[in-house]
Amino acid sequence: MRGKRFTMWQSAVIPVAAILFLLSAAPPLAAQGSNLRFTLFGAGSFLKADRTFPAEGETYHTEFAAGGRAGIRATLDITGHFSVEGAYAYGTNNFRLSNLNEVPPLVRGFGTSAQQIDGNFLYFFSGPRSRMRPFGTFGFGILRLSPSSAAKADASTEGFIAGPATLSSGNKFDFNYGFGIEQKLMPYIGMRFDLRDYVLAVPRLGAPPGPGAPGAGFFPVSGLAHDLELAFGIVIFTKP
């Protein structure tokens, strides 16, 4: 267990360190006119990881429900057009499991929270003095999905896929790309729109990919998933 925990936190070191560095560098960079700003945002997350597969003589369909997220971004201009950014968001992407052999199909829900940490590069098509600044962006991060206590209990007692399973929190590295618009409304206030696609391996919520002990549940999925995120935020500038 200790080894697992160490690996989990070790995998989050790079994006967390990048955000801490960004925030620690904020005061001197702001003094140099780097156009530091913070964005408080809400987002819709559409995690497309649907799979249909056979397991132990039955056919299952799995998916993650669309969810909401709230978070914060810290953005710094490093040139007139290039910027760096660190972000954190928290929300939900509940998991749904359907047994297609039942008539009608038996659908069960498992509460799942989501935490997203990422670091991005942005290219603005207009300079920092422009009031409207469209941009493109790409970056890397980690999505952490955590089944609720009720979901873990349900999977272990009522069963999961082909038998009971032990669900657990897990990290997935991701790559994201997208575009957006930043609009300055007043000297210290603006708004921002983002549309991004986060590409990651299909989450399995800690369940093994194949059969283990007789009668134990598993989750035989693989491949890539896409987490489409549509976000709107309020931008707070540190300089007019």
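Looking at every heavy atom in both residues, Ala87 comes nearest to Arg73 through CB-CG, 3.8 Å. In this structure, Ser168 and Gly206 approach most closely via the heavy-atom pair OG-CA, 3.5 Å. Closest approach of Arg192 to Asp194, counting heavy atoms only: NE-OD1, 2.7 Å. Of all the heavy atoms in Phe218 and Pro209, the pair that sits closest is CD1-O, 4.1 Å. What you find for Ser83 and Arg37 is that their closest heavy atoms are OG-NH2, 4.1 Å.
Qualifying side-chain contact (heavy atoms from CB on, under 4.5 Å) partners for Thr166, counting only residues two or more places apart in sequence or in other chains: none. Judged as a side chain to side chain donor-acceptor pair (under 3.5 Å), and not counting sequence neighbours, the contacts of Gln115 are Tyr88. Partners of Asp197 by side chain to side chain donor-acceptor pair (under 3.5 Å), not counting sequence neighbours, listed by chain and number: Tyr177, His226. Listed by chain and number, the residues in a ring pair (Phe, Tyr, Trp, His ring centres under 6.0 Å) with Phe82 are Tyr123 (sequence neighbours excluded). Residues passing the side-chain contact (heavy atoms from CB on, under 4.5 Å) test with Lys152 are Pro147, Leu167, sequence neighbours excluded. Residues forming a side chain to side chain donor-acceptor pair (under 3.5 Å) with Arg133 (at least two apart in sequence, or on another chain): Asp77. Thr92 meets the side chain to side chain donor-acceptor pair (under 3.5 Å) test with no other residue; sequence neighbours excluded.
In this structure, the separation between CG on Asn101 and CD on Glu58 is 5.0 Å, given to the nearest 0.5 Å. Between the NZ atom of Lys239 and the OH atom of Tyr188 there is a distance of 9.5 Å, given to the nearest 0.5 Å. One distance of note links OG1 of Thr75 with CD of Glu85; it measures 3.5 Å at 0.5 Å rounding.
For the ring pair (Phe, Tyr, Trp, His ring centres under 6.0 Å) condition, the pairs that include at least one residue of residues 56-79, sequence neighbours left out, are Phe64-Phe95. Note on residues 103-114: pairs passing side chain to side chain donor-acceptor pair (under 3.5 Å), not counting sequence neighbours, are Arg108-Asp154.
No donor-acceptor pair closer than 3.5 Å links the side chain of Arg131 to the backbone N or O of Arg129. A donor-acceptor distance shorter than 3.5 angstrom exists from the side chain of Thr157 to the backbone of Ala153, with no hydrogens or angles considered. Side-chain atoms of Asn171 do not come within 3.5 Å of backbone N or O of Ile142 as any donor-acceptor pair.
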Step by step, work out the side-chain contact (heavy atoms from CB on, under 4.5 Å) result for Thr137 and Arg196.
CA-CA 8 Å; Thr137 182; Arg196 298 188 185 187; 3.9 Å; yes

Take Phe237 and Asn35 through the test side-chain contact (heavy atoms from CB on, under 4.5 Å) and record every step on the way to the result.
CA-CA 7 Å; Phe237 295 88; Asn35 197 23; 3.7 Å; yes

Using the rule given for side-chain contact (heavy atoms from CB on, under 4.5 Å), can you reason through Asn99 versus Leu97, listing the C-alpha separation, both sets of side-chain angles and the distance that settles it, and then say yes or no?
CA-CA 7 Å; Asn99 186 331; Leu97 169 62; over 6 Å; no

Met132 and Lys184: side-chain contact (heavy atoms from CB on, under 4.5 Å), yes or no, with the steps?
CA-CA 6 Å; Met132 179 177 288; Lys184 199 164 192 177; over 6 Å; no

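Following chains of ILVMFWY side-chain contacts shorter than 4.5 Å, one can reach Met191 starting from Ile189, so the two form part of one hydrophobic cluster. In this structure, Met186 is not a member of the same hydrophobic cluster as Phe193, with clusters built from ILVMFWY side-chain heavy atoms closer than 4.5 Å. Linking ILVMFWY side-chain heavy atoms closer than 4.5 Å, directly or via other members, places Phe53 and Phe110 in a single hydrophobic cluster. With hydrophobic clusters built from ILVMFWY side chains whose heavy atoms lie under 4.5 angstrom apart, Ile161 shares a cluster with Leu145. Note on Leu36 and Phe121: same hydrophobic cluster, where clusters join Ile, Leu, Val, Met, Phe, Trp and Tyr whose side-chain heavy atoms are under 4.5 Å apart, directly or indirectly.
The aromatic rings of Phe175 and Phe138 sit tilted relative to each other, their planes meeting at an angle between 30° and 60°.
Between Lys172 and Asp174 there is no salt bridge, since no side-chain nitrogen of the basic residue lies less than 4.0 Å from a carboxylate oxygen of the acidic one.
The number of heavy atoms from other shown groups lying within 6.0 Å of CZ (Arg96) does not exceed 12.
When hydrophobic residues (I, L, V, M, F, W, Y) are linked wherever their side-chain heavy atoms come within less than 4.5 Å, the members clustered with Leu122 are Phe124, Phe135.
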Would you tabulate the side-chain donor-acceptor contacts of residues 198-205 under 3.5 Å, counting partners in other chains and residues two or more places apart, or write 'none'?
unit_1: Tyr198; atom_1: OH; unit_2: Asp118; atom_2: OD2; d: 3.1
unit_1: Arg204; atom_1: NH1; unit_2: Ala207; atom_2: O; d: 2.2

Would you list the atom pairs, donor with acceptor, under 3.5 Å between side chains in residues 38-49 and any protein atom, with sequence neighbours excluded?
unit_1: Ser45; atom_1: OG; unit_2: Arg69; atom_2: NH2; d: 3.2
unit_1: Ser45; atom_1: OG; unit_2: Asn93; atom_2: OD1; d: 3.4
unit_1: Ser45; atom_1: OG; unit_2: Asn93; atom_2: ND2; d: 3.2
unit_1: Ser45; atom_1: OG; unit_2: Asp227; atom_2: OD1; d: 2.7
unit_1: Ser45; atom_1: OG; unit_2: Asp227; atom_2: OD2; d: 3.4

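Side-chain contact between Thr62 and Phe219 is present, with at least one heavy-atom pair separated by less than 4.5 Å.
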